[in-house]
Protein chains: 2
Amino acid sequence: MARWRPDSRRRLQDAAVDLYAERGFAETTVAQVAERAGLTERTFFRHFADKREVLFANEDALRAALADAVAAADADATTSEAVLAGLDAVAADLQPRRDELRRRTPIVAATPELGERELQKLASWRAALQSALLDRGVDAATAHLASEVGIAVLNVAAQAWLAADDEGDLAAGVRARFAALRELA
Amino acid sequence: MARWRPDSRRRLQDAAVDLYAERGFAETTVAQVAERAGLTERTFFRHFADKREVLFANEDALRAALADAVAAADADATTSEAVLAGLDAVAADLQPRRDELRRRTPIVAATPELGERELQKLASWRAALQSALLDRGVDAATAHLASEVGIAVLNVAAQAWLAADDEGDLAAGVRARFAALRELA
DNA sequence: TACGGTGATGACAGCGGCTGACATCACGGT
DNA sequence: ACCGTGATGTCAGCCGCTGTCATCACCGTA
């Protein structure tokens with residue numbers, strides 16, 4: 001048998017979500033999370049920079065997927081189409097993780113400290129989208145506005161998708177809100 | 001002579017800005033801030049909820065000014081005019097504090113922890129603006145979009161205002177960017 | 001097979017953010 | 001003269017987070 005059970009990182013994430021949900025974020029100590037995962041507090045901090053990061057582990061991969069999809073869009077695609085391609089990529093990654101995200105949502109909503117971190121995540125996605133649009137040659141003002149609006153659309157659609165009773169299709173929700181936005185302008 | 005020198009709160013804010021700027025936020029301990037202000041660490045935490053809050057003390061007053069100005073706008077003003085009235089009120093409060101804000105900006109920019117808190121501040125202003133618009137009878141979708149865009153405009157204008165060499169007029173910058181936005185749509 | 005490098009983990013000490021509890025003491029009113 | 005009241009000090013203690021060093025399975029290589 002191996003010296004250590006595999007998937008330490010995953011075990012820490014599962015333990016953290018369980019405990020944060022059971023007794024609250026502030027009332028859970030990192031030592032308790034580590035103990036439930038069969039590890040020590042020190043090892044927790046080797047995997048995650050701080051107590052919050054364990055809930056934000058996939059942020060980088062999603063940001064990369066967003067940027068890659070925008071870059072991969074047809075060279076003659078409009079700005080809107082490129083943004084939509086990026087949002088579609090994020091939606092595709094999120095879609096199969098709905099149950100996990102539904103457990104996560106109330107924890108983040110209940111803790112201002114985590115809500116702040118969530119805003120930071122959205123800001124980093126917006127910056128990545130803006131940068132990917134600039135790389136396509138979109139002018140700065142349009143890139144700024146489009147990235148703001150694009151992330152706002154994604155966020156609103158995702159909230160509705162998570163709140164709905166049935167499973168739903170996140171990508172469809174994104175497209176629907178995009179269309180509604182066009183009507184406003 | 002009084003037992004305590006007056007203006008403890010103000011002294012703590014001044015000491016914090018000085019020390020955070022001199023040696024960095026992370027490298028400054030709360031005890032050092034308190035000592036420079038002639039107080040104890042415990043007293044710091046009676047005035048400010050945490051080490052960051054000392055840089056965000058006027059947030060509530062500005063949010064209230066924003067909401068009040070939107071509520072006070074003419075009943076038949078358009079949504080844009082109401083938003084602009086709110087932004088003007090914030091600009092008027094900010095204008096005389098330019099020097100103080102210019103000292104604050106690089107500190108916040110240099111510290112991710114403070115950048116996160118700054119995003120939270122903008123989000124709270126956006127929520128206040130949205131809520132004030134809803135109270136005027138603006139429909140939900142428009143109120144959401146207008147609050148997002150309104151705060152984005154304020155933020156962009158404020159950054160340019162603080163970065164400029166001359167003093168400038170923040171309210172004029174806000175109006176200019178508002179006009180530019182209309183051209184985009 | 002022996003052996004040295006590697007990488008994940010553990011053990012431990014220590015700093016600093018933050019809190020609760022209780023004491024102190026000028027001031028202002030009665 | 002006395003008694004609240006409110007701002008501050010003092011002290012003890014938890015917990016987030018970090019640096020440092022030890023441990024030990026695994027893996028390639030001679």
### Message
Please list, in numerical order, the residues of residues 8-16 of chain B that have a heavy atom closer than 4.0 Å to any atom of DNA chain C.
### Response
none

### Sequence neighbours excluded - ring pair (Phe, Tyr, Trp, His ring centres under 6.0 Å) pairs with any residue from residues 12-42 of chain B
B/Y20-B/F25

### Task
Might you point out which heavy atoms bring A/A146 and A/L133 nearest each other, and give the distance in Å?
CB-CD1, 3.9 Å

### Query
In residues 33-56 of chain A, which residues come under 4.0 Å of DNA chain D by heavy atom?
A/E41, A/R42, A/F45, A/R46, A/A49, A/D50, A/K51

### ring pair (Phe, Tyr, Trp, His ring centres under 6.0 Å) contacts in which one or both residues fall within residues 107-163 of chain A, not counting sequence neighbours
none

### Query
Under the side chain to side chain donor-acceptor pair (under 3.5 Å) test, which residues partner B/R102, sequence neighbours left out?
none

#### Entry: side chain to side chain donor-acceptor pair (under 3.5 Å) against B/D60, all qualifying residues, sequence neighbours excluded
B/R63

### Task
Using heavy atoms and a sub-4.0 Å distance, could you list which residues of residues 20-32 of chain B are near DNA chain D? By number, please.
none

### Message
Near DNA chain C, counting only heavy atoms under 4.0 Å, which residues of residues 106-117 of chain B show up?
### Response
none

### Query
Between the side chain of B/R11 and the main-chain N/O of B/A37, is any donor-acceptor distance below 3.5 Å?
yes

#### Entry: Considering all heavy atoms, the nearest A/E148-B/A152 contact
OE2-CB, 4.2 Å

### Task
Return the set of residues passing side-chain contact (heavy atoms from CB on, under 4.5 Å) with A/E100 (not counting sequence neighbours), or none when no residue passes.
A/R10, A/N58, A/R97, A/R103

### Task
Return each pair, listed once, that meets ring pair (Phe, Tyr, Trp, His ring centres under 6.0 Å) where at least one residue sits in residues 45-77 of chain A; pairs must be two or more places apart or across chains.
A/F44-A/F48

### Message
Counting neighbours of CG on B/D165 that are heavy atoms of other residues, nucleotides or ligands and sit closer than 6.0 Å, is the number greater than 12?
### Response
no

### Query
With sequence neighbours excluded, what pairs up with A/R177 under the side chain to side chain donor-acceptor pair (under 3.5 Å) test?
none

### Message
Under the rule for side chain to side chain donor-acceptor pair (under 3.5 Å), what residues qualify as partners of B/E118, not counting sequence neighbours?
### Response
B/R104, B/K121

